[in-house]
Amino acid sequence: MRPLPKALQRLIRELSKLPSVGEKTAFRLAYHMTACDRELAGSLADALISINDKIARCLECGFLTEGGACAICSDSSRDFGLVCVVEKPIDVVAIERVGEFKGIYHVLNGLWAPLKGQGPDSLGLDNLLMRLERVKPREVILALGSTVEGDATALYIARLLSEVGINSTRLAQGLPKGGELEYADEITLSRAFSGRVAVNLR
């Protein structure tokens, strides 16, 4: 790295901080922008500045927006009686990609993780409860990861909601489509059995 110009070294260093981008990939990207496509470097710099200036969290749900309420919260055709609680904004993108969920979201921006110093107070659950009081949903879907932290957070929120009379559910968990039984771990198999459904003969 020593013979490279300092500005290029800095770019490589910053790019390598991105998820799934190692030093070699960062070098290839930086080299491409420096030696092959300077226009791309300029437009990328403009886009990054624009993100800092324009992108914020939705005041209602915590998803990404360019100001005020996000496109989902502003959409009157959505089912406001169905609220899906997720950990992070990218989870909203994943669910929207499927195209089946027509309700609204609430982004926690974290999970209950005591070992990382994140307790229930860090999740902004007061905001969630106040919002649910306004919306009065018929169901809250806890779409949180199948991890120790995800399970603990879902259980904690479910208990809070139960105390105020709000029905909550969790996403079904089990065998993935095309998955072989021999490769499934014990927890996945256990949940697949406990969450089994009747065979649809139609």
Q.
Quick check: closest heavy atoms across Trp112 and Leu123, and the distance to 0.1 Å?
A. N-CD1, 3.9 Å
Q: Ignoring hydrogens and angles, tell me if any N or O in the side chain of Lys136 forms a donor-acceptor pair with the backbone of Glu133 under 3.5 Å.
A: yes
Q) When rounded to the nearest 0.5 angstrom, what is the spacing between CG in Leu48 and CG in Asp53? A) 11.0 Å
Q) What distance separates Asp75 CG from Lys102 NZ, expressed to the nearest 0.5 Å? A) 9.5 Å
Q: Give a yes or no on whether Leu108 and Leu132 share a hydrophobic cluster (residues Ile, Leu, Val, Met, Phe, Trp, Tyr; joining criterion: side-chain heavy atoms under 4.5 Å apart).
A: yes
Q) Closest heavy-atom contact between Glu66 and Ile55? A) CG-CD1, 3.9 Å
Q: Rounded to the nearest 0.5 Å, what's the gap from CG on Leu144 to CG on Asp151? Could you check?
A: 9.0 Å
Q.
Any side-chain to backbone donor/acceptor pair from Asp91 onto Lys88? Under 3.5 Å, distance only.
A. yes
Q) Is Val164 reachable from Val85 through a run of I, L, V, M, F, W or Y residues, each pair having side-chain heavy atoms under 4.5 Å apart? A) yes
Q.
Using side-chain heavy atoms (C-beta onward) and a distance below 4.5 Å, is Cys61 in contact with Arg131?
A. yes
Q) Can you tell me how far CZ of Phe63 sits from CG of Asn109, rounded to the nearest 0.5 angstrom? A) 11.0 Å
Q | Donor-acceptor under 3.5 Å (Thr153 side chain, Glu149 main chain) | A | yes
Q) Within the side chain of Arg78, is there an N or O that forms a donor-acceptor pair under 3.5 Å with the backbone of Gly103? A) yes
**Q.** Closest non-hydrogen atom pair, Ala30 against Ile12
**A.** CB-CG1, 3.6 Å
**Q.** Donor-acceptor side-chain pairing of Ser168 and Glu139 below 3.5 angstrom
**A.** no
(Q) On a heavy-atom basis, which atom in Leu40 and which in Met33 lie closest, and how many Å separate them? (A) CD2-CG, 4.1 Å
Q) Are Arg28 and Glu23 ion-paired here, with the side-chain N under 4.0 Å from a carboxylate O? A) no
**Q.** Salt-bridge criterion met for Arg138 and Asp79 (N-O under 4.0 Å)
**A.** yes
**Q.** Single-linkage hydrophobic cluster, 4.5 Å side-chain cutoff, Leu142 and Leu160 together
**A.** yes
Q) How many angstroms lie between atom OG of Ser16 and atom CZ of Phe27, to the nearest 0.5 angstrom? A) 13.0 Å
Q) In Å and rounded to the nearest 0.5 Å, what is the CD1 to CZ distance from Ile95 to Arg97? A) 10.5 Å
(Q) What I'd like to find out is whether the side chain of His106 reaches to under 4.5 Å of the side chain of Leu128, using heavy atoms alone. (A) yes
Q: Go through Leu64 and Arg57 one step at a time and tell me if the side-chain contact (heavy atoms from CB on, under 4.5 Å) criterion holds.
A: CA-CA 5 Å; Leu64 304 176; Arg57 295 298 174 109; 3.7 Å; yes
Q: Verify the cluster assignment for Val92 and Leu171: are they in a single hydrophobic cluster under the rule of side-chain heavy atoms below 4.5 Å apart?
A: yes
Q.
Quick one, Leu125 and Ile157 - any side-chain contact, counting heavy atoms below 4.5 Å?
A. yes
Q. Is there a path from Leu44 to Leu18 through hydrophobic residues (I, L, V, M, F, W, Y) whose side chains come within less than 4.5 Å of each other?
A. yes
Q) Should Val83 and Tyr105 count as side-chain neighbours, where that means a heavy-atom distance under 4.5 Å? A) no
Q: Specify the closest pair of heavy atoms between Phe101 and Cys84, including all atoms of both residues, with the distance to one decimal.
A: CZ-CB, 3.5 Å
Q.
For Leu15 versus Val21, what's the shortest heavy-atom pair and its separation?
A. O-CG1, 3.4 Å
